[in-house]
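Here the structure comes first, spelled out in structure tokens, and everything after it is commentary.
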Amino acid sequence: MSSNEQIAHIANNFLRTIIDEDLKSGKHNSIVTRFPPEPNGYLHIGHAKSICINFGLARDFGGRCHLRFDDTNPAKEEQEYIDSIKESVRWLGFDWGEHLYYASDNFEQLYQWAVFLIEQGKAYVEDLNAEQIRAYRGTLTEPGKDSPYRSRSVDESLDLFSRMRAGEFPDGTRVLRAKIDMASPNINLRDPVLYRILHTPHPHVGDAWKIYPMYDFAHGQTDAIEGITHSICTLEFESHKPLYEWFLDNLPVPARPRQYEFARLNLTYTVMSKRKLQELVQLQIVSGWDDPRLPTLEGLKRRGYTPASVKNFCEQIGVGRSDSWIDVTNLEECVRADLNITAPRAMAVLRPIKLIIDNYPVGQVEEMLAANHPQNPEMGSRSINFSREIWIDADDFMEIPSKGFHRLSPGGEVKLRSSYIVKCTSITKDKNGDIVELHGEYDPASREGIHTSDGRKVKGVIHWVSAAHAVTAEVRLFDRLFSDPNPDRGGADYKQFLNPSSIETLSNCKLEASLSCADSETRYQFERTGYFRIDPKDSTSDKMVFNRIVTLRDTWNQK
RNA sequence: AGGGGUAUCGCCAAACGGUAAGGCAACGGCCUCUGACGCCGUCAUCUCUUGGUUCGAAUCCAGGUACCCCUGCCA
């Protein structure tokens, strides 16, 4: 394990405290957690937090973590999502081993328990329609009213429920409800719906069922069946906890899991809800679920984020119960930290301007030795061709340099990284006054170090690529998808905050020759500009496409 | 308005009655053939607020205030 894969440092948090105590007191000998996604969409960075919490806790406390699909609503779920979710969890580096489960594996047991509840007089078949149920439910401040069907006989409910299962009734005509308390201040306890009729095939169990359990009736019991000790979910389920416990109290379940809640992740400059992500995809505002600008795990993966960086991010932000907004820069810092250690360096000119070195012999080529990593000699070195005509980045030249600019300008000198010091002697412009090319002279004695032959020290070091040896590629520069820290914020349509320059495609970038055999696994630091990786989808041998994962920090441009 | 939560540095987050950890950011400085990286240093007399208990409170009590979640046959 290389140092960057080690988790930064393990901070204490309330979940660890609870588990510590449960283990110490002997309440549990070992812990079992689970990551329970509904397969109705792709995973995003918020899910990564949950995955890291659940798998991380199991790892750190010597327990195990299950991957369980919470697949109780076939109307929204698809096999495609199941596959993608598994892949994303694996990508993060977690392994559920033998413990892959589906809530739907328990449908028969759940059905039997529903029958048990009816027999106990604790559930009944409801004939009211959805609208009527809503009306009877009352409001936040007013109690609800009992349904007229609440007092129907056990036998009648039993009969109706089995016929619901048999598919005798159309969708929406009846539901099974728990008989709890229509006056409860907690609305979730006002006779919640347990089963609804849905003549829809299910991605995992096919068309075996015409009725499907609701989340509340499935989750806790499934936890119990799997022997989950700590059922960790997000805060919005807190008001469901009394219901979760009501089922465990009233059913002959084999274990007694406990639910704990934590605050979900919010990230600035993006949206996280499945609905909005889906809309961005459907409206083709982004290219797909794996668009590199999206906070989806597939998007981050395609962009070039490393699993280690995402895991470190999750570790770094901690776990709490207060609503929090994490600044995206935290995520960006995590990839930089990882890639700074692992990424080999290379030179690439994104916005090329030609620099002709007039005093360098025509046709001569020299091999310059460049370290692949300045702090890690073990990563070796490579040779780079130098010749009379080179490309430099437009950003590294200013005709009228601003104060403090220490790159190239007329009459000025700059060190070409791993090569010579050059001086700009003239500018060639076209009739519009635009720069066509630059001319300069090199100092033959300046190959080593940053001192000129007469002993002066040059301030700037810039990257370059030999024109004769360069490989042309497309580079995609990504920026935040939204220009507002919280595009989700009240009222307004989040789409109005879309950042018009969230992607900039540069099609004439000049890369050093060694990059021509770049593979899609290697992330490079293009020196002085950022971290890049081949786009695994669009890059071809004819036309290489690189994605910018993240920029380097730039304290100069910041000012 | 009913129920359930949460309030500690710009953003996260520890601290469990004993006198405010840590990370990120920021700011100084050093180093540097990446204005990157690295290194050194600075960064809450104070914990939403008002009272109270106590030798002692971010931690306990009482009253305010702000924000979040709950009225799907979604999860």
Side-chain angles (χ1 to χ4, degrees), chain A residues 8-9 11-14 17 36-38 40 70-73 75-77 126 128-130 133-134 137-144 171-177 184-190 192-198 211-212 214-216 218-219 233-242 261 263 268 274 313 315-327 329-330 332-334 336-337 340-341 345 347 370-371 373-375 404-407 415-419 421 446 448-451 458-463 525-530 551-559:
Chain A
H9 91 284
N12 195 26
N13 65 51
F14 74 102
T17 303
E38 183 190 13
N40 68 344
D70 228 330
D71 54 353
T72 55
N73 185 4
K76 296 182 173 179
E77 297 154 5
E126 172 68 271
L128 256 28
N129 63 33
I133 288 176
R134 194 178 317 125
R137 187 153 34 222
T139 68
L140 293 178
T141 51
E142 301 155 21
D171 288 6
T173 51
R174 272 180 247 263
V175 293
L176 181 72
R177 291 232 254 174
S184 172
N186 181 343
I187 292 184
N188 297 120
L189 261 20
R190 318 241 261 231
V193 172
L194 269 29
Y195 270 90
R196 75 288 217 184
I197 300 170
L198 232 43
I211 56 172
Y212 292 94
M214 300 289 287
Y215 162 84
D216 285 311
H219 203 89
C233 61
T234 43
L235 249 22
E236 66 269 27
F237 291 100
E238 189 157 29
S239 59
H240 291 247
K241 183 146 66 176
E261 312 84 19
T268 56
K274 275 182 188 167
F313 168 74
E315 205 61 49
Q316 224 167 73
I317 59 176
V319 190
R321 286 176 57 86
S322 60
D323 295 321
S324 58
W325 278 91
I326 309 291
D327 198 302
T329 55
N330 283 274
E332 294 168 353
E333 281 305 319
C334 284
R336 288 192 185 106
N340 176 48
I341 294 169
R345 316 282 123 130
M347 292 202 283
H373 191 115
Q375 280 84 37
F405 182 81
H406 48 246
R407 276 107 89 166
K415 170 78 177 182
L416 295 176
R417 172 129 246 228
S418 306
S419 181
I421 288 172
S446 63
E448 299 298 324
I450 52 167
H451 291 271
V458 166
K459 265 194 180 156
V461 178
I462 66 170
H463 56 280
Q525 183 194 96
F526 288 177
E527 286 193 287
R528 306 205 316 124
T529 64
T551 62
L552 245 35
R553 284 185 67 189
D554 186 352
T555 49
W556 165 251
N557 258 334
Q558 251 172 33
K559 290 175 184 170

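What you are looking at is a predicted structure, and each value in this text was computed from that prediction instead of being measured. Here is the naming used below: chain letters follow the sequence lines, and residue numbers restart at 1 for every chain.
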Note: for A:Asp327 and A:Arg321 on RNA chain B, the residue whose nearest nucleotide lies more 5' is A:Arg321
Glycosidic torsion of B:rG72 (syn if within 90° of 0, anti otherwise) classifies it as syn
Note to self: Between B:rA14 and B:rA75, how many Å separate the two C1' atoms, rounded to a whole number?
What the structure shows: 32 Å
So, A:Ser446 side chain and A:Ile421 main chain: donor-acceptor pair closer than 3.5 Å or not?
yes
Considering only heavy side-chain atoms of A:Leu552, the closest of B:rA36, B:rA15, B:rC12 is B:rA36
Side-chain contact check for A:Thr555: nearest option of B:rG35, B:rU34, B:rA7 is B:rG35
Would you call the rings of A:Tyr215 and A:His240 parallel, tilted or perpendicular, where under 30° means parallel and over 60° means perpendicular?
perpendicular
field: Whole-Å P distance, B:rC16 and B:rU50
entry: 24 Å
Using the P atom as the reference point in each nucleotide, state the distance between B:rG18 and B:rA58 in Å, no decimals. 11 Å
Span that lies between the P atom of B:rA20 and that of B:rU59, in whole angstrom: 14 Å
message = Under 4.0 Å, heavy atoms only, any strand: does A:Gln525 hit a base, just the sugar-phosphate, or nothing?
response = base
Give a yes/no on whether any side-chain N or O of A:Asn330 is located under 4.0 angstrom from OP1 or OP2 of B:rA25. no
Dot-bracket for RNA chain B, 5' to 3', Watson-Crick and G-U pairs with both distances under 3.5 Å, [ ] for crossing pairs, | for partner on another strand, reads .((((((..(((.....[...))).(((((.......))))).....(((((..]....))))))))))).....
Point to revise | Side-chain-base donor-acceptor pair under 3.5 Å for A:Arg553 and B:rG35 | key: no
Side-chain atoms of A:Gln375 come closest, of B:rC12, B:rC33, B:rC37, to B:rC37
Same-atom distance (P) from B:rG72 to B:rG10, integer angstrom
40 Å
query = C1' atom, B:rA66 versus B:rC48: distance in rounded Å?
reply = 8 Å
- Task: Output, in order, the C-alpha distance, side-chain angles, deciding distance and verdict of side chain to side chain donor-acceptor pair (under 3.5 Å) for A:Ser184 and A:Asn186.
- Result: CA-CA 5 Å; A:Ser184 172; A:Asn186 181 343; 5.5 Å; no
task: Mind checking A:Glu238 for me? I need base, sugar-phosphate or nothing, with any heavy atom below 4.0 Å counting as a touch.
output: sugar-phosphate
Salt-bridge criterion met for A:Arg321 and A:Glu238 (N-O under 4.0 Å):
yes
Contact between A:Met214 and A:Val175 at the side-chain level, heavy atoms closer than 4.5 Å - yes or no? no
Protein-proximity profile, nucleotides 68-75 of chain B, B/S/- by nucleotide at the 4.0 Å heavy-atom cutoff, equals SSBBSBSB
Base, sugar-phosphate or nothing for A:Val458? Non-hydrogen atoms, less than 4.0 Å.
nothing
Expected rows: protein N/O vs nucleotides 57-60 of chain B N/O, under 3.5 Å:
none

What's the gap between B:rA44 and B:rA21 when it is taken at their C1' atoms, as a whole Å value? 13 Å
- Query: Roughly how far apart, to the nearest Å, are B:rC68 and B:rC73 at atom P?
  - Reply: 24 Å
